[in-house]
Amino acid sequence: MNNQASAFADAAEDLVGIPYRRGGRDAQRGVDCIGLVCVALGTIGRPVDLLPCYEMRNHCIQRFCKLANALGLKRAYDELRSGDILVFKPACAQFHLAIVSNQGLAIHAHAGLRRVTLSPPPFAWPLFASWRLTTIGDLPWPQSS
C-alpha cells in the first residue's frame with residue numbers, strides 16, 4: 001500500500017463529523033466534497049493554494065479532470081484502493097467526490113446529513129471515475145525541501 005495514499009485516507013477520516021458547508025475549504029468552519037479533498041491533501045503536505053471556482057453541478061467533468069491533473073492526481077482504472085478519490089454521479093449534471101478510507105469505506109461531505117460521513121459499499125450513487133495520488137516525483141509543481 002502507498003504510504004502517502006494511506007496517510008491521505010487517514011487525513012480524510014480525521015475529518016469525519018465536521019460540518020458540511022457548501023463551498024467550505026476549512027476544517028474549522030466546514031467543507032463540501034471538494035473542500036474535503038483539499039483539506040486532506042493539505043494535511044499530507046500537498047496544499048491546494050488556489051482552487052479555481054468550480055461547481056460539481058455540470059454537464060461535463062472536463063474542468064475537474066484538469067483540476068485533478070493540476071493537483072497531482074492520475075486516473076485510476078483498476079480496483080479501488082485506499083486514498084483513491086471517487087467521482088460519483090448522483091444525478092444528471094451533478095458530480096460528488098469521496099475518498100476511499102483504509103477500510104474501504106467512502107469518506108464524503110454529505111449535504112443531507114450536514115457533516116462529513118463514512119459510507120460502506122455498495123455506494124448510493126453510480127461511480128463515474130476515480131483518481132489516485134501520484135508519487136512525489138510525479139508531481140506537476142516544484143516541491144520545497
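All figures in this text were calculated on a predicted structure; none of them were measured in a lab. We use all heavy atoms of the structure for the numbers below, so side chains are in, but hydrogens, waters and symmetry mates are not.
Taking NE2 from His96 and CH2 from Trp125, the interatomic distance works out to 4.0 Å, rounded to the nearest 0.5 Å. With values rounded to the nearest 0.5 angstrom, Leu80 atom CG is found 6.0 Å from Leu127 atom CG.
Residues in residues 94-103 take part in no salt bridge (charged side-chain N to carboxylate O under 4.0 Å, His left out) pair, two or more places apart or across chains.
Checked against side-chain contact (heavy atoms from CB on, under 4.5 Å), Thr117 has the following partners two or more places apart in sequence or in another chain: His108, His110, Leu113, Arg115, Ser119. Listed by chain and number, the residues in a side-chain contact (heavy atoms from CB on, under 4.5 Å) with Arg29 are Arg21, Asp26 (sequence neighbours excluded).
Side-chain atoms of Leu105 and Pro121, non-hydrogen and from C-beta on, do get closer than 4.5 Å to each other. Proximity of Tyr20 to Val31: side-chain heavy atoms (C-beta onward) are nowhere separated by under 4.5 Å. At a threshold of 4.5 Å between non-hydrogen side-chain atoms, the residues Arg132 and Val100 do not count as touching. A heavy-atom distance below 4.5 Å is found between the side chains of Leu97 and Ile85.
Minimum heavy-atom separation, Ala9 to Ile99: CA-CG2, 4.4 Å. The minimum heavy-atom distance between Ala11 and Ile44, with the atom names listed, is CB-CG2, 4.3 Å. Heavy atoms only, all atoms of each residue included: Gln4 and Leu133 are closest at O-CD1, 3.8 Å. For Ala109 against Cys33, the heavy-atom pair with the smallest separation is CB-N, 3.6 Å. When all heavy atoms are compared, the tightest approach of Ile107 to Glu13 is CD1-N, 3.6 Å. The two residues Ser101 and Ser82 come nearest to each other via the heavy atoms O-OG, 3.5 Å.
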Notebook entry, point to check: Can Val116 and Leu36 be said to form a side chain to side chain contact (heavy atoms under 4.5 Å, CB included), step by step?
Noted result: CA-CA 8 Å; Val116 175; Leu36 172 68; 4.1 Å; yes
Next item on the list: Apply side chain to side chain contact (heavy atoms under 4.5 Å, CB included) to the pair Leu73 and Thr134, showing each step before the final yes or no.
Entry: CA-CA 6 Å; Leu73 306 172; Thr134 57; 5.8 Å; no
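Ser130 and Asp84 form no side-chain donor-acceptor contact under 3.5 Å, judged by distance and modelled atom types alone.
None of Arg25, Arg22, Arg114 except one satisfies the salt bridge (Lys or Arg N to Asp or Glu O under 4.0 Å) rule with Asp32; the exception is Arg25.
When ring centroids are compared, Phe123 and Phe88 come within the 6.0 Å threshold.
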